[in-house]
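What follows is one structure encoded as structure tokens, with my remarks underneath.
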Amino acid sequence: MELFKEGQIGSMVIKNRIVMAPMGIDYIDPDYGFSEQSIDYYAARAEGGTGLVMTGATLVTDEFETPAKSFLLDNEDKVSRIKKMADKIHSFGGKLCIQLTLGVGKIGFIGENNPSFTKDEIHRMVEAYGKAAALAKSAGVDAIEVHGYGGYLIDQFQSSLWNSRKDEYGGSFEGRMKISLELIDAVKKTCGEDYPIIYKFTPKHLIPGGRELEEGIKMAKFLESAGVAALHVDIGCHACWQNAIPTIYQEPALHEEYIQAIKNQVKVPVIGHGKMGYPEVAERIIKDGISDFVALGHYSLADPEWANKVKENREEDIIPCIGCNECIFSILSGEPVACGVNPRCGREGEKISKASEVKSVLILGAGPGGLEAAITSAKKGHKVTLWEKSSKIGGNLIPASVPDFKGDLRRLIKYYETQINKLGIELVTDKEFTSVEILKHNPDVLIIGTGSTPIKPRLSGIDGDNVHSAIDVLSKNINLGKDVIVAGGGFVGCETAVHLAKEGRSVTIIEMKERILSEPMALNNLLALSKLVAENGINVMAGTKLAEISDNTVIVEKADGVREEIKCDSVVLALGFRAMENIKSELEGRIKDIRVIGDASAPRRVKHAVAEGFEAAISI
């Protein structure tokens, strides 16, 4: 495969064309240095076959901005930890690149003299940048990447949208690029002319007033002439974050045309990213000369061994990223970075060891929590039996995967099916869970992952033949007619509404809250799904509740008490979920070890079910 041919960036030779994209994490020591946890995290990707590992943004000084959840490289005290990380990555044949940043700046702020630093302050920033690069090089780091993209501080200098300075650091293209040139020169001065500098930049912001591709190409040529060894192409910014950091709702390789446009204009290598974690897509991008390297971000979180599995023709074993962006949501919520489908993300130093005593483990429910519990229990060497009441595994992943824009979930279900078969887990489908049957099986450990069921409110007409749950609508071939009301504007209701609109139906969402998609979720997913709702012509009635249902109309009520009658053929309920009644109480005292996981405990997201399934199994 072209993916596994050697590549070169300046003087740095890389064993393949696979790059771990830079991403923010919070596995940070109290002094903002690289922690043991972060070292294990990055080294695991190199062990998994990634050719070039890039760290998340690392501040070069805290004089102007508090590091918060980013690393800081400002003195010798932090070098030994970086050297340990570099040595580990090198031991696996990988190369290490640290992304250096001046900070976040005033993202989205447009006003007089922005970025608002004195020239003396800018000079101190540039000096700190060169010093940080030299510290990185002394630690054995193979390259640095300039964090010059996406509306962050360096890009705020570069863009006429944000930069309103009147001095030599603003105005013309050359003025706005002055700080970029000074940063490159500072690195060359402290690290040598041949030390590889990768520059990550945004050739198109995709927002009104933002950079257009013509200037992006001009930037690429300018940076190449300034002596960078490679260009890392990024698209979008915080105002359209779903483009910069894609979601499940977007197509693979969504930045392809922009990467190709830059590749066609420069001679230095180009690194491209944007939903390229599908092996066939990544191979095509390299084979067709669209990019010299592919950068995998969230795909490397979901599976650190992505590269090795592709190289060994084990693509069916890749844990697929599902574009849920729980990784981003966790860090922005003040929690440790976590992956929705890989519960070991951030815990790479902990190994799954064989249990000292083989136990019989019975798991009820083959949703994501039960499946993760089964896989982890089997890896520990236990005898695992998995019971599922339906004919297929996946639980609520099955209806959730039906819309054409949810293909990543179908890949996840397929991954689970493969692992169940490979690990020799006994799967019994169409199985009713009764206390008699469970006691007859007599497991040492019982894990209850029976999931949740849709909420059905007490409402006039709620039991009519024209009323269906979103789960049933997505799972079964139901004749809904032309005009459909979707009650509930959370992500289940909105996804279902988009799916129905794509089928040609006229859809109205009724939502009690003041806006749809008000539940906690990653901003980029919110933006992407909101855009789908708007693009598909769905009528949204927020601040409105469903009051009555009849055969061909519904009565809705506004917050002020005003009622309105709306004609419709069907009503689809997407009003949330409640835990299925489980049988733990019937079995307590009769089975020694009972554990309840996922929605059976409390309805939440895939991430919680997977994490709890893993935790329940890892301690057996």
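Put simply, the side chain of L527 reaches to within 4.5 Å of the side chain of L523, judged on heavy atoms. The closest side-chain heavy-atom distance from I286 to M1 is not below 4.5 Å.
Residues satisfying the side-chain contact (heavy atoms from CB on, under 4.5 Å) test with D303, not counting sequence neighbours, are E305, K309, I318, I319. The salt bridge (Lys or Arg N to Asp or Glu O under 4.0 Å) check on D185 picks up nothing, with sequence neighbours excluded. A search for salt bridge (Lys or Arg N to Asp or Glu O under 4.0 Å) contacts involving K78 returns D74, not counting sequence neighbours. For E182, the side-chain hydrogen bond (donor to acceptor under 3.5 Å, both in side chains) partners at least two apart in sequence or on another chain are Y169, K178.
Remark: the backbone N or O of I14 is not paired with any side-chain donor or acceptor of E6 at under 3.5 angstrom.
Here K5 pairs with E2 in a salt bridge; the nearest charged N to carboxylate O distance falls below 4.0 Å. Using a cut-off of 4.0 Å between Lys/Arg side-chain N and Asp/Glu carboxylate O, E519 and R605 are scored as not salt-bridged.
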Check against side-chain contact (heavy atoms from CB on, under 4.5 Å), V60 and M125 = CA-CA 8 Å; V60 299; M125 287 180 176; 6.0 Å; no
Could you pull out every donor-acceptor pair under 3.5 Å between side chains of residues 135-147 and any protein atom, sequence neighbours left out?
from : atom 1 : to   : atom 2 : distance (Å)
K137 : NZ     : C191 : O      : 2.5
S138 : OG     : L135 : O      : 2.7
D142 : OD1    : H90  : NE2    : 3.4
D142 : OD2    : H90  : NE2    : 2.7
D142 : OD2    : L96  : N      : 2.8
E145 : OE1    : Q99  : NE2    : 2.7
E145 : OE2    : H232 : ND1    : 2.8
H147 : ND1    : T101 : OG1    : 2.8

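Here salt bridge (Lys or Arg N to Asp or Glu O under 4.0 Å) pairs that include residues 243-262, with residues two or more places apart or in two chains, are E256-R284.
Classified by interplanar angle (parallel below 30°, tilted 30° to 60°, perpendicular above 60°), the ring pair F71/F34 is parallel. Classification of the Y152-Y149 ring pair by plane angle, with boundaries at 30° and 60°, yields perpendicular. Ring geometry for F405 versus Y249: interplanar angle of 30 to 60°, hence tilted.
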